[in-house]
Each structure stands twice: as C-alpha cells, then as structure tokens.
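For reference, the structure is listed below as structure tokens.
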Amino acid sequence: MTFAKRFFGGLVKFYRGNPAGIIGTMIVALILCACLAAPVLTDNDPNKRVARGHQPPSAELPFGSTRAGKDVYTQVLYGGRVSLLVAFSAATITTVIALSIGVTSGYFGGRIDEVMMAITNVMLVFPQLPLLIILAAFLGQVGPFVIALILGLTSWPWGARVMRSQTLAIRNKQFITAAEVMGEAKWRIIVVEIIPNLVSLVAGMFVGTALYAIGAQAGLEFLGLGDPTVVSWGTMLYWAQSSAAFFVGAWWDFVVPGTVIALMGGGLALINISIDQISNPKLRTGRYLRIWRQLKAQVDAKRSQS
Amino acid sequence: MSAHLSVRDVSLDFTIGDTLFSTSYLRAVNRVSFDLKTGQALAIVGESGSGKSTIARALCRLYTPTQGTITLDGQDVNSSQALSAQRDYAQKVQMIFQDPFGSLNPVHTIRHHLRRPIKIHNPTLSVSEIDTKILELLDRVGLAPAEQTANKYPYELSGGQRQRVAIARALAVGAQFILADEPISMLDVSIRLGILNLMEDMKQEGIGFMYITHDIATARYFAERTAVMYVGHMVEWGESDSVTQNPQHPYTQLLISAVPQAERRRSTETKAKKGDIPMWTPQSTGCPFAGRCLHATAKCETHMPGPTEIAPGHFVRCVLFSTAP
C-alpha cells in the first residue's frame, strides 16, 4: 500500500515540470501500443503479397507497398514487435549483467574487484560495431533472438563501470557500516541497502541500452547480417535498399521504417535525459530558465516604463 | 548483569604504500589498553587522526587488530569469523555514528531501520510482535508519535531525531555496549544536551558507553572516566574530573587550554612549539608529542615511558612523571 503510494507519488513528481519526459513517454507508449495492437489495427499479413509492387500511399494502403507488394503499414506494425522485443531483451540482459558485476565488484573490492574490472576493461576496449559485425557474420545470418543476445552480452561494460563507481560511493556511507555492525548478511546489504539507491541509474541504463540496441539491430540487419525473412524495422530497410527503392522513387518504402526508428530513438532519448536529470539535478535547466525568463520580463517591463 | 569489554595492547596498522619490494604501514593505534564496563562511560578525547574512531571500529570488528586482543567477558572477540559469531557479538556491542545524515539509508523508512536489527537477533518474533517492539523503542528514545515516525523517511527528520533513531537501532539489538563516535558533534548546539541526556538515561539502565569526542566539556559531563589520545597513543587517563581539572600531560594541558572561555582570552593559552604532528609507523620510537612539547628532552625522541599513577586511578605516560630510570 505504502509502496504503491510512493511509486505513483514518485511518478507524478517525475513528470511534473518535465516536458521532455512527458513527450518521450508518450511517443514510446504510442509506438509500443500500436505494435502490440497490430492485429487490431490491420487485417493484412506482413508476409503476404497484397498489391502490385511499389504502390504509393493510398486509402487502401496508407504507407504504400514494397517492391514485393507487401503492405508497408502492416510490416511496420509487426516489425516493431520484433525490433522492440530485441531492444528490450538486450537492455534487460545488459542491465542485469552490468548491475551484478558493478555492484559486486564495488562492494567487495580487493581481488574480486581487480579480476572483474580487468574483464570489464578488456570488454570495454573492444570496438563495439566491428565486434558485432564480425560476430554476426561469423554466426551467419542470425535471427532476432541471437541479435538480442549478442547486443546484450557486448554492451554491459560501460554500465558496469558506472554501477561500480556509484556503489563505491554508497559503500562508504555510514548506513552500510551500520548494517555491517548490526550483523546483516552481505547479500542482503547488496540487495536491500545498496541496489535501491541505484534505481535511477538502473532505469537510465536500461533506457539508454534499449536506444542503442534499436539502432544497432537496425544497422546489423541493414547490412544484411540479420535474418532477412523475419520482418523487423532493420530488415525493412534492408529490403528497401536491395530493391533500389530510392532510385525508383518509392520513398515510402524507406522513409516509413526510418521515421519510426528515429521517433522511437528520440522518445527513448527524451526519457533518458529526464532520468539523467534526476540522478544529476544540475542538469535540470527548465525550471531555472523559466525563472530567468520571468525575471527578464519584469526587468524589460520596468525599462520600457522609464 | 554486568559485562566487561577489555582492550589489551591493541595496535592497528594500515597499508599506505605497496611497492614490489616493500610495504609501508601507518600505525593508527599503538598499544592501547582500556576497559569498558556496563553502566559506565569512558570518554576518548583527541584531535582528528588520533586513532579514536579507529579503535571504535576495531571494537565493532570492522578492523582486526594487528597486535593485541579484545576480549568480551574473557572471550577473544576475533576468534571466529563466522556470520553467527559476528551476530552474537553484534548483539552485545553496537555503534552510533557521527553523521546523522549518512547513518540512515535514504530509501528506507524508519520502521525498516529498526525492524532489521530486531529480526536478525530475534528471528522467531512475529510481525506484530516486532511492530510493537519498534513502537516501544521509538517511544523510549523520545520520538513521540511513534506510529507516525515509524512510517517516515530519514529526510523527513531533523538531525537530532535521526540521531535518536540511530540510538534506537542500537537498543533494538539489545546492546550492552554502545560505541558512540562523536554522536553530537554534527548536531545543533541546542539539541546536543537532549541526546546526551538520553544516553545518560541509557547508562543508568546499565548500558556501557565508549564516548568518542573532541569536546572535553561534554566528556566530563557524560563520562566517569576519560582517556586522552594523541597519534594513536593513550597519553593520559583516569577519572574525568581528575583528568580535566588537573591535567598533567603537556598535550592534555594544551588540549584543555584550547577550549574557548569568556573570562580568559588569548593570554593564558598554553603555548606549544609549532611542530608537525608525526606520522606514526611501526618503526617509530619515542613520544609522539616530542616535536611540539615545551618540556621535551633528548630522551623523549627515543623513549616513551609506561604509565605512571600520579593520583589514584589517574595515569600519565610522560618522562616528566616517570619514576623508572
């Protein structure tokens, strides 16, 4: 009861005076709901030929058709399901690994810390995109599940370092010492005393990784490293490119998935910015700008009077 | 039920430099001995870096002494590292911290802070029994509408109220000894006395205190005995009245003359040489205060005398009083 109250209270506080957060959440929620409700919003099958190739947008086909005569509107909705699933599972994998490695190594320190940070640093200096391309190429044309796994398993080191440094800061607080003196078990100190203090960082990391994963997945699939028979936003771009949609003037074929990726990315980035403002209030400019504008208006009014 | 926490010849070294061929150590506490008894308070007075917090942390088993032993009722405290042994000990010895803003977890309610210690040390209690106990404790430390206070978060309380919660947490465990590490130095002057009196009441009920402070006035107010520490050494100790009214060690005299008093301004402040406060290592010899002491002789550089009893129960470690050759 108190928890729910606190949770919703926190939500209200998060969105109040935070237009970036509101707009971002609305965009993400809109796309998410549209993709989940795909069977309601369209009667077509994303893999079926429903019209002649490269038909421009019309009342029947709101976003036109692809070269193979498939409905772009239906494909975007169903493709979003795959893309978002990949993005959020990659973000979940990354967050779990980064949190456990960062907190463990920050809390225990010493030898454990040295070994874990050595591994993290090695992972960190690998150039990400080439590593992804080589992994994907090595595994052949990979399905969305494998892409999520690859993205999740390669993008945690940065987050792990952030978690570790924050844990180091909390670890030296006296409430942790108090819990130790009290005889609290170590795992409980980590789970109950430390991790709840990291919530905003964890949320920020989750959203940031999801954002990265959407782009990386679309990039990999656009390069032809994904499975082209699965409909997702990346493979839609891949097919648009291989059917020369740009040269024949079928702009809807690549503008639609491109726009959705950009919108989703923008929405997630807006949410990420507003979470950053919570963990680092110095970034909160909106309120101060408003105060500044009010003061400026007052001063200007006085000046024009005299 | 009286218990006895005894510290014998305890030294604590910390690693400060670690190269391939040698490790250098800092000696934070050097051969310190004292006793804590239930129902009494021992004040440890000293400036920053004198090792007074370090010895408290060693008493909480956060550090293991490099030398010497800490015994509770004759049993070596550091003999077992098991969690159960740690909890048995935690049930008897608890700590209160200096910073009331750092010692409570900002994401948990006051109820959580008190429920955990009760639950750890009484795993068989039911939820409602624990709850009544929490409210009892809050009443006892003077956080009046206990039910409301229990549901608050630390940021909703003032510094003094938080410190009361910290004391309640030590009581929740059922501690016989409480190590109070400068419990009032970060509080408003107006609420210091309230916290001191609360601790005084607990002392009357039979809890033993180690009261760490740099404020000699409160040490005399609260504690029966006082020990003065300088760079990890106990230089003078005894009955609080005797130590503060009749200080004998040059450092104690300096410390007491530094307390501001209206009627006596700059003129009577005991002078000291402008020497450095030494960094003590296991190899260091002599008296740590020699560099600043006006009475220092050549002997002080090499020799630190043992305790001399200058009055009943009042001990000093200084060559000025040493009867040994």
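Residue numbers start from 1 in every chain, and the chains themselves are labelled A, B, ... in the order their sequence lines are given, proteins ahead of strands.
With a threshold of 4.5 angstrom between heavy atoms, A/A179 does not approach chain B through any atom at all. Proximity to chain A (any heavy atom under 4.5 Å) is shown, for B/R61, by neither the backbone nor the side chain. Using a 4.5 Å cut-off between heavy atoms, B/V173 contacts chain A through its side chain alone, with no backbone atom that close. In this structure, the portion of B/L104 lying under 4.5 Å from any heavy atom of chain A is its backbone and not its side chain. In this structure, chain B has heavy atoms under 4.5 Å from both the backbone and the side chain of A/V192.
When every heavy atom of B/A90 is checked against every heavy atom of A/G183, the shortest pair comes out as CB-N, 4.2 Å. Residues B/S103 and A/A178 share a closest heavy-atom pair of O-CB, 4.5 Å. Minimum heavy-atom separation, A/N197 to B/P106: OD1-CG, 3.6 Å.
Within a 6.0 Å sphere centred on CZ of A/F88, heavy atoms belonging to other residues, nucleotides or ligands number more than 12. Heavy-atom neighbours of B/Q75 CD from other residues, nucleotides or ligands within 6.0 Å: at or below the threshold of 12. Atom CZ of A/F145 has 12 or fewer heavy atoms from other residues, nucleotides or ligands within 6.0 Å.
Taking CD1 of B/I96 as the start and CD of A/Q174 as the end, the distance is 11.5 Å to the nearest 0.5 Å.
With B/R116 as the partner, the salt bridge (Lys or Arg N to Asp or Glu O under 4.0 Å) test is satisfied by one option alone out of A/E180, A/E193, A/E184: A/E184.
B/N105 places no side-chain N or O within donor-acceptor distance of the main-chain N or O of A/F175, the cut-off being under 3.5 Å.
Ranked by heavy-atom pairs under 4.5 Å with chain A, the first of B/Q91, B/H113, B/R169, B/M95 is B/R169.
With a 4.5 Å cut-off on side-chain heavy atoms, B/R57 and A/T177 count as touching.
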